[in-house]
Amino acid sequence: MNSLHVDDERIVRYADGELGPKDAARVRAHLESCWECRAELDNIHRAVGECVRYRKALRDVLPAPPRPWQDLQPHFAEIDSSLAQTSFLSRLAGILTPVRLVPLAAAAAALLVIVYTNRELPTVSAAEVLKKAVAAEQSRPQQLRRYQIKSRGARLTDPATIRRLETVAVAANYDWSAPLSARSFSRWHDSLADKQDAVFTTANYYTVSTRSQASEIVEASLQLRTADYVPTATSLEFRNHDRIDITELPAEAAIAHSAGPVEPSRGVQPPLTEVKPLAGTTPADELKVFAALRKLGADLGEPIEISRTADAVVVTVLGVDPSRRQQLQSGLASLSRVDLRFPELPAPPTVSTWRNLSRSTVTSPFEGDLNQYFGGRAAVDRFTDQTLELIDSAVARAHALRRLTEHFPPQVVATLPSDDRAEFQNLYADHATALAQSARQLNQLTNPVLTTLKAPPVSAGTGAATPAELLDSARTVEQLFAAVLTGATTDVAVAELPVRLRFALTQLMNSADFSAASPPQ
């Protein structure tokens, strides 16, 4: 067993029960913390199970023997007597003659083929598993989830390292805002022009494994519970041989051990969807916290989590400097039943990947057109930075809208006193109006550039959009702008990028305008 994983021979011997007590205990302890080796052990069990089922299937369909087996017992004494008169070396030489080795070798090769085939042959396709997992994910309510990221067996906490990995992942079309999700894995998987899939199935898990040389992520795997398709672990290996393993932390360990939030690029934590009535504190108490944070400008990207217990509204703040801590303490001091916490953990990285991409070696497919229009690279960089700021603002507002409505769904808003219900509507309208304004400014700034790139004005439907849909729309705009301005990977053909971007931006602008004009009642 090396420092990271159990070697193949030892894991097979463990599966067969051939290891001594001490070795077996070491392997068992490693398996408890290593999902990759557990998956390998499950694969071995599955291969053996397939062989057993294959043998049973043949036994059920083949005809019965034409006559009973001959009783060999009377011949055993005769054989033993004959062997007693022959030396052991002579008997061994007879067994190992070339003529007898041929069928033995053929039988061994056949067995290896059966085992290998049953280990690698997926019972379902990767696309089928991922489709079901994404559908299940979309049907589940959003919940607070925090992850642990490890590289080479060590937990990653350095923001610069996490930010570098984030940059590469986003460039490979892997959504780092939710690194352990079927949606992120599926989006990367579906964007690959060339890939090799494998699906390993056990009683408890599906493990989807994909390899590709057409991406900066050359190999990735996603483990899903078979019962509900919830992702439990993922592994990403990059072209430069960096490898990370991401697992979900238990709810009780989230604050104490987390390496970062669900969405490290924004520092925004998806909150609990359902607010259950609790004795003592009420949704109105929680709404007052949201209103106070809004006045402090602390609800747009700062690493703050809000939850409610029976005794208090818990506000957890990660990695802020002393002056900001004092501002938050002062701003929330007048509220009763508020538990303000400052765990000693580093703040999640909040720097957008665009800045890294735009200064890296990644090249925009429209670099010549952009340089000609702006008159040089420096002007293109300034335009990119302006665009980035507006998109950051739009995405932050969309996040804030989604968080607000997840904490206060319609059935909870309906129970609020009239003054608190008006406060909720004001908060919603504030974020929706700012989102619409950012979208309009972005459209005004980029309109002449998109026209230069031969993207004519388009019409997009105007209508109600949920905060989750607004966030998805803002992320789509962000992804397409990254592809146009920095050459980030996308599944959209280069020739279609400007038109698709124009449509997505118009749709975001119209939906945000409608939401600002029609806050939920």
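The shown structure was predicted, so the numbers you read here are calculated from the model rather than taken from an experiment.
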Task: Check: R402 main-chain N/O paired with T405 side-chain donor or acceptor under 3.5 Å - done: yes

- [ ] Kindly say whether A233 contributes a backbone atom to a donor-acceptor pair with the side chain of T247 at under 3.5 angstrom?
- [x] no

Open item on the list: The criterion is side chain to side chain contact (heavy atoms under 4.5 Å, CB included); which residues satisfy it with A284, sequence neighbours excluded?
Closed with: T282, K288, L416, D420

Open item on the list: Taking side chain to side chain contact (heavy atoms under 4.5 Å, CB included) as the definition, give me every residue that meets it alongside S235, ordered by chain and number, with sequence neighbours left out.
Closed with: W35, S221, R243, D245

Open item on the list: Quick test of your reading: applying ring-ring contact (aromatic ring centres under 6.0 Å, His included), list the pairs with at least one residue in residues 303-326, sequence neighbours left out, ordered by first then second residue.
Closed with: none

TODO: Taking salt bridge (charged side-chain N to carboxylate O under 4.0 Å, His left out) as the test, write out the residues that go with R211, two or more places apart.
DONE: E219

Task: Contacts of type side chain to side chain contact (heavy atoms under 4.5 Å, CB included), residue A436, not counting sequence neighbours - done: R440, A512, D513

Open item on the list: Y428: which residues meet the ring pair (Phe, Tyr, Trp, His ring centres under 6.0 Å) condition with it, sequence neighbours left out?
Closed with: none

Task: For D228, salt bridge (charged side-chain N to carboxylate O under 4.0 Å, His left out) partners two or more places apart - done: R225

- [ ] Kindly give the heavy-atom pair with the smallest separation between Y174 and P179, and that separation in Å.
- [x] OH-O, 2.7 Å

Open item on the list: Tell me every residue that passes side chain to side chain donor-acceptor pair (under 3.5 Å) with D430, counting only those two or more places apart in sequence or in another chain.
Closed with: R294

Open item on the list: Checking S473 now: which residues fulfil side chain to side chain donor-acceptor pair (under 3.5 Å) with it, not counting sequence neighbours?
Closed with: none

Task: Taking every non-hydrogen atom, the tightest pair across L453 and V484 - done: CD1-CG1, 3.9 Å

TODO: Using salt bridge (charged side-chain N to carboxylate O under 4.0 Å, His left out) as the criterion, list what pairs up with R28, not counting sequence neighbours.
DONE: none

- [ ] Go through the structure and list residues passing side chain to side chain contact (heavy atoms under 4.5 Å, CB included) with D472, not counting sequence neighbours.
- [x] R475

Open item on the list: Suppose we screen for salt bridge (charged side-chain N to carboxylate O under 4.0 Å, His left out). Which residues come up paired with E469, at least two apart in sequence or across chains?
Closed with: none

